[in-house]
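Below: one structure, written as structure tokens.
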Number of protein chains: 2
Amino acid sequence: MSPAKVPAERTATLKDVAEHAGVSPMTVSRALNKPETVSDALRARIDAAIDALGYVQNHVAGALASAGSNVIPVIVPSLSNTVFVEIVAGIQEVAQAAGYQLMLGNTEYDLEREYTAVSTFLGWSPPGMIIAGMRHLDRTRHLLKRWGKPVVETMEFGAQPIDMNVGLSHYKAGEAMAEHLVARGYRQIVFVGCRLDADYRAAQRYKGMDRVLAKHGLARREALSYEEPSNPARGGDALMEVLSMKPKADAIFFANDDLAVGAILRAQREGIAVPKRIAIAGFNGLPFASLVTPALTTIMSPRHEIGRIAAQQLIERISGRTPTKRRVDVSFEMQVREST
Amino acid sequence: MSPAKVPAERTATLKDVAEHAGVSPMTVSRALNKPETVSDALRARIDAAIDALGYVQNHVAGALASAGSNVIPVIVPSLSNTVFVEIVAGIQEVAQAAGYQLMLGNTEYDLEREYTAVSTFLGWSPPGMIIAGMRHLDRTRHLLKRWGKPVVETMEFGAQPIDMNVGLSHYKAGEAMAEHLVARGYRQIVFVGCRLDADYRAAQRYKGMDRVLAKHGLARREALSYEEPSNPARGGDALMEVLSMKPKADAIFFANDDLAVGAILRAQREGIAVPKRIAIAGFNGLPFASLVTPALTTIMSPRHEIGRIAAQQLIERISGRTPTKRRVDVSFEMQVREST
DNA sequence: CGTAGAAATGGTAGCGCAATCATTTCAGGG
DNA sequence: CCCTGAAATGATTGCGCTACCATTTCTACG
């Protein structure tokens, strides 16, 4: 049943190490956690004992005794969207280097599940938490506020964070792209996304766009939202639908680059002139965006950077230092290319 | 400093809940962990007490007392490669549904770091572990074997797993693609990858290809390996380099689809005829692969599925059931399209 | 209505470690 | 060589929970 060939000898404890090295358990504990407070001689003996016994520290016991673990929970709405993965990767990079472990929670865009995840994670006595988004159940906000430890909300930049916040304004991103399209002369602009009810950040980009269209007195339309998750093929199909259903449309602002690149690849295959017949714009700044023909106009969001900064801010606070800012607005960058 | 507005009242413990509900702590523990063993009446009182006190279970203490947590460590070599992320997502899906938490370790393709990660994770008394790849330090293998709990090695299918293994044979995948290219009449085939020393799975695909070329008495060449991590732009550049440096080459087998799609996009932009001037093949089956023109011939690897199965096997074993098989060879699928 | 056996509940002990405070050892000055 | 303060080491205690076993309550049946 178990792969062990070796008889399941009781695993060595810190006490065993202490006896083997002829010191007190407390000294071993210190040698492990604050090596500089133990004399070289003892440290050497202890290290030898650890090797001899194959001792591995029991972090569970450590966390209980010291009422705090080095585990940082990270809660995201999805792992199938590269955007969140890149943020997790950024967090991981910084956190692991600082000696923290990441615990991963996936809410599938469900705020109830988010609450459950937060609640469960609190039971691991983490020193802080990172959570995507700023929309949570009241219960969730209260729980985290009452908890009182550092929390970073990521992805979007918004008002009244639970504690800290690192992200960008999706509303402004939508505005920026709309201004660009309007300046380029496009007048019939359609917004296309997937699951805009759940992906409220994409919806915010739509709202930003809508405001700009209104400001310029241009035709405003409902956003086109598909039920399936974003994927490139969907982007291509959406392009064809827009062309046939709304032939007057002269530009599409896609909720993300997966859709937009999919649309460009489809246009190419179908021989549709982009941007002449219809312009295409995206959001995120995927690597493929600059390589397709025509190259995609998009907005680069610094996902990895958001993750890194979030982790840095959190660790800063965990270590008792005051972070530079509570709220960080990482800026996005318009990348105007051939598709508009 | 802390976001708490509320005075940091001592958090409620299970004992507090017990007193509030007028039962013993043991009963509360049972109500939480095996609700069916507690009478409805008591369970209701206990739930009420939990709500009233805002109690959240301390998993650290639970794990210590029961000498086992519900945390499953997952160790991968990289998070910037979508392949591993998709596996993690598959694992997550199954594990979270079964009530397990994921702890994430990233080795950056460094076997020493892998050892450290394994060792650290063991300290969280996990019920099992999932680790990418089958190449580890001897120390790592010994540690895991001696540990004696379920371990799944993923990504590749190979001989002599530490315990269980779910993956595919990259060697065979390389062979399959080479056979296809040879059958199509290509004779001067180049393998292009990035960091093939670290990414030994890609190197295995090369070896599989090389064997087939040898078998057919065709020209064999060293694989072309770049130092930077895989990215689409590199694929495009590699294509141009091969065309100018090895003008006789009539096909390129890229280590992955990021490179291959990048090459196709570049070919299109430069007006290079694919597959006429040179054929292009990839590996992984990214969504974009079928959408570019010409559509990319590639091999679909069931990443998400690998993750799901790995998690299922692990949980099966954790629950004491014997899994169907110790070793699972998930098969890959040739997707022959326009680029070859 | 009594009794056996099952189901529900409780008391006790200890998981492995670090916080805390007590004690010992050391370095350096008089 | 003693004394003082700092550095190094040790003894004790408890973190919050669950395993284990003991006890009580319920159910079914003669």
Side-chain angles (χ1 to χ4, degrees), chain A residues 8-47 49-50 53-71 99 119-120 122-127, chain B residues 8-47 49-50 53-71 119-127:
Chain A
E9 39 187 304
R10 190 180 59 83
T11 60
T13 71
L14 182 141
K15 202 173 151 196
D16 298 329
V17 174
E19 279 166 13
H20 192 280
V23 299
S24 84
M26 213 35 242
T27 304
V28 178
S29 172
R30 274 190 281 256
L32 253 24
N33 300 314
K34 295 177 192 167
E36 71 280 4
T37 66
V38 174
S39 67
D40 294 347
L42 283 195
R43 193 143 23 88
R45 284 213 331 255
I46 290 169
D47 287 345
I50 287 174
L53 299 176
Y55 170 71
V56 301
Q57 226 179 330
N58 184 328
H59 293 108
V60 176
L64 180 60
S66 63
S69 71
N70 66 343
V71 171
S119 177
T120 303
L122 289 186
W124 285 101
S125 309
Chain B
E9 39 187 304
R10 189 181 61 83
T11 60
T13 70
L14 181 141
K15 203 173 150 196
D16 298 330
V17 174
E19 280 166 13
H20 193 279
V23 298
S24 85
M26 222 23 253
T27 304
V28 178
S29 172
R30 274 191 280 257
L32 253 24
N33 299 313
K34 296 178 192 167
E36 70 281 5
T37 66
V38 173
S39 67
D40 293 347
L42 282 195
R43 193 142 24 88
R45 283 211 334 252
I46 289 169
D47 286 345
I50 287 174
L53 299 176
Y55 169 73
V56 300
Q57 225 179 331
N58 184 327
H59 293 108
V60 175
L64 180 59
S66 65
S69 71
N70 65 344
V71 172
S119 177
T120 304
F121 285 145
L122 289 186
W124 285 102
S125 309

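First the proteins, then the strands, lettered A, B, ... as listed; each starts at 1. Just so it is clear, the structure is predicted and the values come from calculations on it, not from any experiment.
Nucleotide D:dC17 holds its P atom 13 Å from the CD1 atom of B:I46, rounded to whole Å. Rounded to whole angstrom, the span from the NE2 atom of B:H59 across to the C1' atom of D:dG16 amounts to 12 Å. Rounded to a whole Å, the CG atom of A:L64 is 13 Å from the C1' atom of D:dT13.
In this view, B:R45 satisfies the salt bridge (charged side-chain N to carboxylate O under 4.0 Å, His left out) rule with no residue, not counting sequence neighbours.
Axis angle, first five pairs versus last five pairs of the helix from C:dC1-D:dG30 to C:dG30-D:dC1: 30°, rounded to 10°.
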Please tabulate, for side-chain N and O atoms in residues 53-68 of chain A, each donor-acceptor pair with protein atoms closer than 3.5 Å (sequence neighbours left out).
unit_1	atom_1	unit_2	atom_2	d
A:Q57	NE2	A:N33	OD1	3.2
A:N58	OD1	A:V60	N	2.9
A:N58	OD1	A:A61	N	3.0
A:H59	ND1	B:T120	O	3.3
A:S66	OG	A:G62	O	2.8
A:S66	OG	A:G68	O	3.4

Side-chain donor-acceptor pairs of residues 20-30 of chain A under 3.5 Å, sequence neighbours excluded:
unit_1	atom_1	unit_2	atom_2	d
A:S24	OG	A:M26	N	3.4
A:S24	OG	A:T27	N	3.4
A:S24	OG	A:T27	OG1	3.3

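A:L32 places a side-chain heavy atom less than 4.5 Å from the side chain of A:I50.
Counting non-hydrogen atoms under 4.0 angstrom, A:V38 reaches the backbone sugars and phosphates but no base. A:V60 comes within 4.0 angstrom of no nucleic acid atom, judged by non-hydrogen atoms across all strands.
Residues A:S24 and B:K15 both approach DNA chain D. Their nearest nucleotides, taken by heavy-atom distance, put A:S24 toward the 5′ side.
Here the closest non-hydrogen pair linking A:S69 and A:W124 is OG-O, 2.8 Å.
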Review point. Between A:D40 and A:R43, is a side chain to side chain contact (heavy atoms under 4.5 Å, CB included) present by the stated rule, with each step listed?
Key: CA-CA 5 Å; A:D40 294 347; A:R43 193 143 23 88; 2.7 Å; yes
Review point. When every nucleotide of nucleotides 18-28 of chain D is labelled 5' to 3' by its protein contacts under 4.0 Å (heavy atoms), B for base, S for sugar-phosphate only, - for none, what sequence of letters results?
Key: SBB--------
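Under a 3.5 Å cut-off, the side chain of A:D47 and the backbone N or O of A:A44 do not form any donor-acceptor pair.
Mapping heavy-atom proximity under 4.0 Å, the span of DNA chain C touched by chain A runs 5' to 3' from C:dG16 to C:dT20.
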